[in-house]
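Everything numeric here is computed off the predicted structure, so don't read it as measured data. So you know, we letter chains A, B, ... as the sequences are listed, proteins then strands, and number each from 1.
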Amino acid sequence: MPELPEVETMVRGIRSHAEGQRIAAFEACPCSCRPLTIRPGLGQIATLVAGTTIVDVTRRAKRVVLKLSSGWAFVIEPRMTGLMLVSDPPDEGHLRVVWKLGTGKRQRSLWFWDRRGLGTISLLNPDQLARLFSDADLGREALEADAELWSRICQATVRPIKVLMLDQSKIAGIGNLYASEILHQARVHPETPAAELRRPQIQRIAQATLEILQTAIRYEGSTLSDGTYRNALNQSGGYQNAHRVYDREGEICPSCKKAQVIRIVQAQRSTFYCPKCQKRR
DNA sequence: ATTAATGTTCAGAA
DNA sequence: TTTCTGAACATTAA
C-alpha cells in the first residue's frame, strides 16, 4: 500500500524521533523470516554508519530517506507491506531491522517491519543519493507536477492514462489506489490513451493529483481491509473512508449516485471507475 | 484444497 | 526505444 501519502506519513511520524540522533547500532531483528534485500550487506552497512548522526528525514517518491552526517543516506522502500515504526509493531514476527539511536541514558529505536518482506533497505553514497533526487531514474514528484509537465508526458505515449500514472520514471509517487481515485475526481476514463487527452482533461488530472494526495496525507494515508498499513505509532490511516471508487466494485458512485463502480484489470492491476462519470474521449 | 488477489519494483523479453 | 510479463513473498478470500 504505501504510496506517496503513506510514505509521507511515515516520514512525518519518525522525523522528530530520529533527526539529530546518533546511530549506536544497525542490526537485524531476531525474526525467522527470509532475509530482506539490504545493499550492500547488513554487516558492511553497520560498520559504515556506526557513530554517524541522522541529520535529515525526508522522502523521495515512495521511499523514506535518512540522510546521515557522513553524506551517505539510508533509503528504505516499503514496497507492499513495509512500515517504519517508532513504537510497538503489529507483531514481533515480522520486524526486520532496527536502528538503535541515541547515547547514554537517552536511547531509543527505529524499526522496519515488513510482513511480505518485499521491501528493501539501501545505504547510498553521496553520488547515488544525488542521483535519487535527480530525474535520472524517477520522474518529478507528483506534488510538484503541473499541467505543463503532465501534458508533455501524456503526449509522448499511447499507453492508457492509468498505466502511465503508475510509471514512476515519468511522475513519481502515485500508486494503484490513488491512480483510480485521481482519475475519478478528474472525470477521465482510465483506458484513454494518454496522447488523446485534451487540455481540460489534463488540467483536471493535474489538479486532482494535488487535491487527492494532499487530502490523503492529511488523513494519514489509507489502511485497506487487510489492515497492513499503519503510521509510525502503529495506528490506522483514515483516508480509506474517503475512497470514492477504489475497492468499491458494485457500489453506487458517490458522485452521480446512479451508475455502479466497475472493476477492470490494466497491466495486471485492478482499476476502479464510474462508467457514467468517466467517459472516454 | 487449490486458485486468485493484494500494494511495488525490477529484470528480461517482445 | 517502448511496452509488457512474471517473479520476489506472505497472507487472506473465494
Side-chain angles (χ1 to χ4, degrees), chain A residues 1-10 29 31-39 59-65 75-84 89-97 112-122 124 128 131-132 136-139 141-142 152-182 190-195 212-213 216 220-231 236-237 239-240 243 245-250 263-272:
Chain A
M1 284 132 250
E3 302 181 23
L4 188 152
E6 288 76 24
V7 178
E8 178 64 24
T9 302
M10 290 177 198
C29 291
C31 74
S32 54
C33 309
R34 305 181 115 74
L36 213 61
T37 299
I38 300 179
R39 313 184 199 93
R59 176 184 62 76
R60 171 65 166 130
K62 304 174 190 172
R63 295 152 202 212
V64 176
V65 180
V75 175
I76 299 103
E77 276 187 9
R79 299 241 182 147
M80 305 289 259
T81 52
L83 301 177
M84 296 295 292
D91 64 67
E92 297 280 335
H94 297 93
L95 277 178
R96 306 287 180 149
V97 300
F112 183 68
W113 180 96
D114 191 350
R115 193 180 55 181
R116 283 176 70 174
L118 300 176
T120 69
I121 295 178
S122 306
L124 269 48
Q128 295 169 315
R131 186 180 173 98
L132 177 70
D137 302 313
L138 293 170
E141 284 289 320
R152 224 180 313 139
I153 289 169
C154 288
Q155 277 172 11
T157 181
V158 298
R159 299 157 86 190
I161 180 61
K162 157 65 162 41
V163 176
L164 174 63
M165 290 169 80
L166 299 182
D167 185 340
Q168 302 298 298
S169 71
K170 303 298 190 295
I171 303 250
I174 300 169
N176 198 49
L177 188 166
Y178 293 104
S180 283
E181 292 295 320
I182 289 165
E191 290 179 302
T192 313
I212 296 276
L213 295 180
E220 302 204 314
S222 301
T223 298
L224 303 185
S225 49
D226 71 355
T228 300
Y229 170 70
R230 326 288 289 178
N231 68 14
S236 298
Y239 193 69
Q240 64 280 0
H243 293 172
V245 289
Y246 181 79
D247 206 18
R248 296 198 183 284
E249 181 181 21
R263 172 183 176 271
I264 60 173
V265 175
Q266 296 179 281
Q268 300 141 260
R269 326 280 303 278
S270 288
T271 300
F272 299 88

Carboxylate-amine/guanidinium proximity below 4.0 Å for R115(A) and D226(A): yes
The single option from R63(A), Q128(A), R39(A), R60(A) passing side chain to side chain contact (heavy atoms under 4.5 Å, CB included) against V75(A): R63(A)
Gap between atoms CG and C1', on L36(A) and dA8(C) respectively (whole Å): 12 Å
Minimal non-hydrogen separation, Q240(A) against G221(A), with atom names: OE1-O, 3.9 Å
Exercise: identify the closest heavy-atom pair between F272(A) and V245(A): CB-O, 3.2 Å
T81(A) and R116(A) side chains, donor-acceptor separation under 3.5 Å: no
Using a cutoff of under 3.5 Å, can you pull out all pairs of nitrogen or oxygen atoms linking the protein to nucleotides 2-5 of chain C, with atom names and distances?
from   : atom 1 : to      : atom 2 : distance (Å)
dT3(C) : OP1    : T157(A) : OG1    : 2.5

Duplex segments of DNA chain B, taken as runs of at least three Watson-Crick or G-U pairs that stay under 3.5 Å: B:2-6 with C:10-14, B:8-14 with C:2-8
Value rounded to 0.5 Å, distance of NZ in K62(A) from CD1 in I174(A): 8.5 Å
Pair S236(A)-R230(A), side-chain hydrogen bond (donor to acceptor under 3.5 Å, both in side chains): steps then yes or no: CA-CA 5 Å; S236(A) 298; R230(A) 326 288 289 178; 3.0 Å; yes
L83(A) CG to dT8(B) P, straight-line distance once rounded to whole Å: 14 Å
Contact summary for S270(A) and R263(A), nearest pair of heavy atoms: OG-NE, 2.8 Å
Contact list (N/O, under 3.5 angstrom) for nucleotides 10-14 of chain C vs protein:
from    : atom 1 : to     : atom 2 : distance (Å)
dT11(C) : OP1    : H94(A) : NE2    : 2.7

Residue pair Y178(A) / S222(A), side-chain donor-acceptor N/O under 3.5 Å: yes
Sugar-phosphate only, base, or nothing, as touched by S270(A) at under 4.0 Å among non-hydrogen atoms: sugar-phosphate
Nearest-angstrom distance from the residue atom OH of Y229(A) to C1' of dT6(B): 17 Å
Gap between atoms CE and C1', on M165(A) and dT8(B) respectively (whole Å): 16 Å
Under 3.5 Å side-chain donor-acceptor pair for E6(A) and Y239(A): no
Between P of dT6(B) and CD of Q266(A), the distance in whole Å: 13 Å
Side-chain heavy-atom pair P5(A), L213(A) within 4.5 angstrom cut-off: yes
Under 4.0 Å protein heavy-atom contacts per nucleotide of nucleotides 9-14 of chain B, with B for base, S for backbone only and - for none: BS----
Interatomic distance, I76(A) CD1 vs dT8(B) P [rounded to whole Å]: 18 Å
Span that lies between the C1' atom of dA4(B) and that of dG6(C), in whole angstrom: 15 Å
Sugar-phosphate, base or nothing in reach of Y178(A), heavy atoms under 4.0 Å: nothing
Closest non-hydrogen atom pair, R59(A) against A61(A): NH1-O, 3.0 Å
side-chain contact (heavy atoms from CB on, under 4.5 Å) against K170(A), all qualifying residues, sequence neighbours excluded: I153(A), L164(A), D167(A)
Any residue meeting side-chain contact (heavy atoms from CB on, under 4.5 Å) with R79(A), in chain and number order, not counting sequence neighbours: E77(A), L118(A), T120(A)
